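Chain A is the first sequence line, chain B the second, and so forth, proteins listed ahead of strands; every chain is numbered from 1. Predicted model only: the values in this text are computed from it and were never measured.
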Amino acid sequence: MTTNLLAIINSSAPYNRNLGKESLDVALIFASFEQGVSLFFQGDGVYQLIDQQNPQKISAKDYLKTFSAFEFYDIEDIYICQESLTVRNLSESFHIDNVQVLPPETFAKHLAMHQQILRF
Amino acid sequence: MSILHLIRSSAFHRSDFEQCLSIAQSNDTIIFCDDGCYNLSHPLTTNLLAQENKLTIKVLQDHAQARAIIAPQTIEGITMEDLVSLTFTHDKVITWQ
Amino acid sequence: MAITLIFNKQEIATDKQGYLLDHLQWSEALAEVMATNDKFTLSDEHWEVINFVRTFYLTYNTSPAIRALTKAMKSEFGEEKASSRYLYRLFPDGPAKQATKYAGLPKPARCI
Amino acid sequence: MDKLAVLITTPPYSNLTVTAIDYIEAALRLNVNIVGVFFYQDGALHANSNIHIASDEYQAVAKLTQLHQEFGLALHLCITAAEKRGIACDALSEGSAININPIFTVSGLGELVSLTTNSTRLVQF
């Protein structure tokens, strides 16, 4: 279990609105200030993690590529809600490694370990 | 450990309330405010009230009345001051909007 | 207001601080011209960082914040060069701002 | 001692913002120490001095001005979010007139980090 200060819940699909990118900016800045941050993906937020996306087809900035740089920011605690994957009929093929797929109860337990929580 | 959940959207339109329920723990409190007040008559709420569980639901009274919603007797109507106090009697807040 | 840079008889569009608007127009020769315009001389050590930042951007679609830059540089160049002190000595106006500029990358967000 | 930080992400013409401001006022009435309010995403639009809302509608900015003056409520603006929305703050915004409301402090996301670490509760609206 982590003792990170902030948990960010990502609940939006990546392209329609800019929420995923704005959430990423918050995560990177907390990490740059050496404040621990954990990322939680729930609901449509899980679409930010699935493999084989082609955002250039719709002229969207591929901010998902930045997820691969998390190791340089010491962002290591990345949790995905299993139930959200199941209801969307998604397999566990993600574009980054070292993520943990958790059932809702465990997902909730990890979330509760943080001092503050934001959701985008 | 307890979390205060602010539900600001209608579950008839969005899945925020449903996502909240999938992680809410028994000693958490759920607050309906803004369009979240419409959830008072959503089946998710009705089912929740029928269950034996300690999850507390409250509603911002002014927000419900503004929308011509009458809260059932089992759900306490609160003021904004009450909401501020609840912020500090719980360990943290999650806003579902 | 964009400023236009003439390079090889070609117009290169930049923003008001001289950052390229299209990073695909970048070349090493263009970087030298940009630096000369700023009265800044690029040494081999500068080039090491510039190329590293550019590769980072092309890989991850973002310019690294200073801490991430030093961490990423550590595995490639070793402990000594992977310090913010070293990077600030090379780029006194801030490595994130200056190295990205000569690497042809977008100006980093002001809040980052 | 309870310390509150507030994040506002909704624009001045949204009723969701009324809720945020009502909440802040209630906290001030209860003598809660508010370490600051951070404006991010569409919340940045509050700082645009060119926004005019019909006088018979809710005046979010007038309310914030009053709270800022009366209680010294700190209002921090994410400059990146603001520039994206046509809010110009200084000489760097060449070619456009400065249109930031001076009750706001120009900040970056780094300020959100310090508000988060300096508060015991962070509430997002």
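- Within residues 57-73 of chain A, the residues having any heavy atom less than 4.5 Å from a heavy atom of chain C are, in residue-number order, A:K61, A:D62, A:K65, A:T66, A:S68, A:A69, A:E71, A:F72, A:Y73.
- Along residues 69-76 of chain C, the residues that come nearer than 4.5 angstrom to chain A, judged on non-hydrogen atoms, are C:K71, C:A72 in order of number.
- Taken from NZ in A:K21 to OG1 in C:T62, the straight-line distance is 6.5 Å, to the nearest 0.5 Å.
- Taking the ring pair (Phe, Tyr, Trp, His ring centres under 6.0 Å) definition, one finds that C:F40 meets it with C:H46, C:Y102, sequence neighbours left out.
- Counted within 6.0 Å of CZ on A:R88, heavy atoms from surrounding residues, nucleotides or ligands total more than 12; the atom is thus considered enclosed.
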Solution key, residues 28-37 of chain C side-chain donor-acceptor pairs under 3.5 Å, sequence neighbours excluded:
residue: C:E32; atom: OE2; partner: C:W47; partner atom: NE1; Å: 3.2
residue: C:T36; atom: OG1; partner: C:E32; partner atom: O; Å: 2.7

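- Heavy-atom neighbours of C:E11 CD from other residues, nucleotides or ligands within 6.0 Å: at or below the threshold of 12.
- Within a 6.0 Å radius of CG in A:N54, other residues, nucleotides and ligands contribute more than 12 heavy atoms.
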